[in-house]
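The structure appears right after this line, and notes come after that.
Numbering of ligands and ligand atoms starts at 1, following listing order.
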Amino acid sequence: MYGMIATWRMALEGIEKGAQVLKENGNVQDALEVAVCDVEDFEYYKSVGYGGLPNREEEVELDASFMDGDTLAFGAVGAVKDFANPVRIARSLMQYDANNFLVGNGAEKYASSHGFERKNMLTERAKIHYENRLKEMNDELKPYSGHDTVGMVALDQDGHMASATSTSGLFMKHPGRLGDSPVCGSGFYVDSFVGGASATGLGEDVMKGCVSYEIVRCMKDGMHPQEACEKVVHQFDEELKRRRGKAGDMSLIAMNNQGEWGCATNIDGFSFVVATQTCQPTVYLAYREENGKMRFAEADQAWMENYMQTRTAPLVRK
Ligand code: ASP
C-alpha cells in the first residue's frame with residue numbers, strides 16, 4: 001500500500017505528482033519533495049513559497065520541515081528569505097546529528113553554501129496584497145488572515161513514511177516570527193511504525209498542544225487516524241476555549257502505516273487531498289458535526305473551478 005495526504009486544495013497538483021512517484025515504487029521522501037516543491041513553485045498560492053505573503057516589513061519569510069519516519073530524523077528552517085524551495089533545505093538538514101533546525105541568517109548561509117537555488121520570493125501580486133492590507137489597517141496590526149500551510153504525510157510501498165511542511169506563515173507577521181510548521185511535534189510528526197500527522201492553522205495555538213505528536217501518540221495506542229484526529233482536535237479546541245476563551249483555527253491530517261487516513265478541523269469547509277493505491281488524488285471538504293465528529297464531502301466541479309478562478313483573478317490596488 002502507498003498513500004499521501006495533505007492539507008488544503010492547493011496540494012492537489014503536487015499530490016498527483018507525488019502519488020505517481022509512489023505508484024512507480026519511488027522513495028517516500030522523493031515523492032514528498034516533488035509534491036511540496038510543486039506547491040512552493042506555484043505563484044498563485046499566497047501562503048507557501050513563491051508568491052507567499054510577506055511579513056509587516058514586506059519581506060517573505062518562509063518556514064519548512066521534513067521528517068523521516070524510519071529514523072525520526074527531522075530538518076527544519078524558519079524565517080528563510082530568498083530561497084526557492086525551503087522544503088529542500090529542510091530535507092537536507094535531516095542528515096546531521098545536530099544543527100537540524102536553522103533560522104534566518106544562519107539558515108540562509110547554510111542554503112547558500114550548499115548550492116540551493118536563490119530566488120526573490122516576493123511577487124507583484126503579493127506586493128499588491130500587502131499594500132491593500134496596509135490601507136485596510138489603521139495603526140494597529142491585528143488581522144492575520146491569509147495564511148495556510150501545506151503539510152503532507154506519505155507512505156511508500158516499502159512501508160517507509162515521511163512528512164513535510166512549507167508555509168509563509170501569518171500574513172503581516174512580526175519579522176522573525178515562527179509558527180508551528182517547522183516545529184517537530186506541533187506542525188508535523190511521523191513514525192513509520194505508527195503513522196504521521198501534520199497541521200495548519202494558527203501556529204501559536206497549534207504549538208500549545210503539540211497536536212501532530214498527540215495524534216501520532218493516539219494512533220500508537222491503537223486508534224484509527226480518523227478517531228485520533230477527531231479526539232485530539234476536538235479536545236484541544238475545547239480546552240483552549242475553556243482556558244483562554246477562544247481557540248485559533250486548527251486543522252489536522254493524518255495517515256497510518258496501513259495507508260488509512262483521517263482529518264479533523266475546528267473550521268468549516270477545510271479542504272484536504274488524499275491519494276492512495278486504491279483512491280485517485282481526491283479533494284475533500286471537512287465539516288464539523290456534533291462532538292468534534294467530522295463529515296467529508298468530495299469537492300465538486302463547481303467548487304474546484306471557483307477555487308482556481310478566485311486564486312488567479314486579477315488583483316487591483318485599492
Ligand atoms: N500554521 C501556520 C503558521 O502559524 C499558518 C497556517 O497553517 O495557516 O505559521
Side-chain angles (χ1 to χ4, degrees), residues 5-11 14 36 39-40 42 45-49 51-57 59-67 74 76-81 86-87 90 101 103-104 107 121 126 129 133 141-153 163-189 196-215 229 232-233 236-237 240 244 246-254 263-273 286 311:
I5 185 164
T7 56
W8 302 113
R9 151 67 185 91
M10 65 178 155
V36 175
V39 187
E40 289 180 336
F42 191 62
Y45 296 147
K46 56 187 167 65
S47 58
V48 175
L53 294 179
N55 64 19
R56 59 176 73 176
E57 293 180 1
E59 294 172 321
V60 181
E61 290 187 332
L62 301 171
D63 307 333
S65 74
F66 221 106
M67 185 164 183
F74 72 89
V77 289
V80 165
K81 286 183 241 173
V87 77
F101 187 3
V103 300
M121 302 298 272
H129 278 295
R133 181 60 63 89
L141 288 168
K142 47 184 182 317
Y144 290 104
S145 62
H147 56 87
D148 290 334
T149 299
V150 66
M152 300 191 184
V153 175
S163 76
T165 64
S166 185
T167 187
S168 51
L170 300 187
F171 185 21
M172 292 288 181
K173 63 190 177 185
H174 194 288
R177 176 265 181 194
L178 296 181
D180 59 305
S181 310
V183 177
C184 184
S186 287
F188 65 94
Y189 196 80
S198 188
T200 178
L202 182 66
E204 283 74 359
D205 277 1
V206 173
M207 286 189 278
K208 291 181 178 87
C210 302
V211 281
S212 292
Y213 179 77
E214 204 40 30
I215 286 171
C229 286
V232 170
V233 172
F236 195 55
D237 178 65
L240 286 172
R244 303 171 56 80
K246 58 182 192 280
D249 292 358
M250 196 164 33
S251 305
L252 274 290
I253 48 105
C263 165
T265 178
N266 64 358
I267 62 170
D268 265 333
F270 168 65
S271 63
F272 64 100
V273 186
R311 296 300 169 295

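- Here the side chains of Val211 and Met250 are in contact, with some heavy-atom distance below 4.5 Å.
- At least one side-chain heavy atom of Phe171 sits less than 4.5 Å from a side-chain heavy atom of Arg133.
- Using a cut-off of 4.0 Å between Lys/Arg side-chain N and Asp/Glu carboxylate O, Glu59 and Lys173 are scored as not salt-bridged.
- The side chain to side chain contact (heavy atoms under 4.5 Å, CB included) test applied to Lys46 returns Leu53, His129, not counting sequence neighbours.
- Put simply, the residue from Thr149, Val153, Thr165 that forms a side chain to side chain contact (heavy atoms under 4.5 Å, CB included) with Phe188 is Thr165.
- Side-chain N/O atoms of Ser251 and Thr265 include a donor and acceptor closer than 3.5 Å.
- Residue-level contacts of ligand 1 at the 4.0 Å heavy-atom threshold are His147, Asp148, Thr149, Gly169, Arg177, Gly179, Asp180, Ser181, Thr200, Gly201, Gly203.
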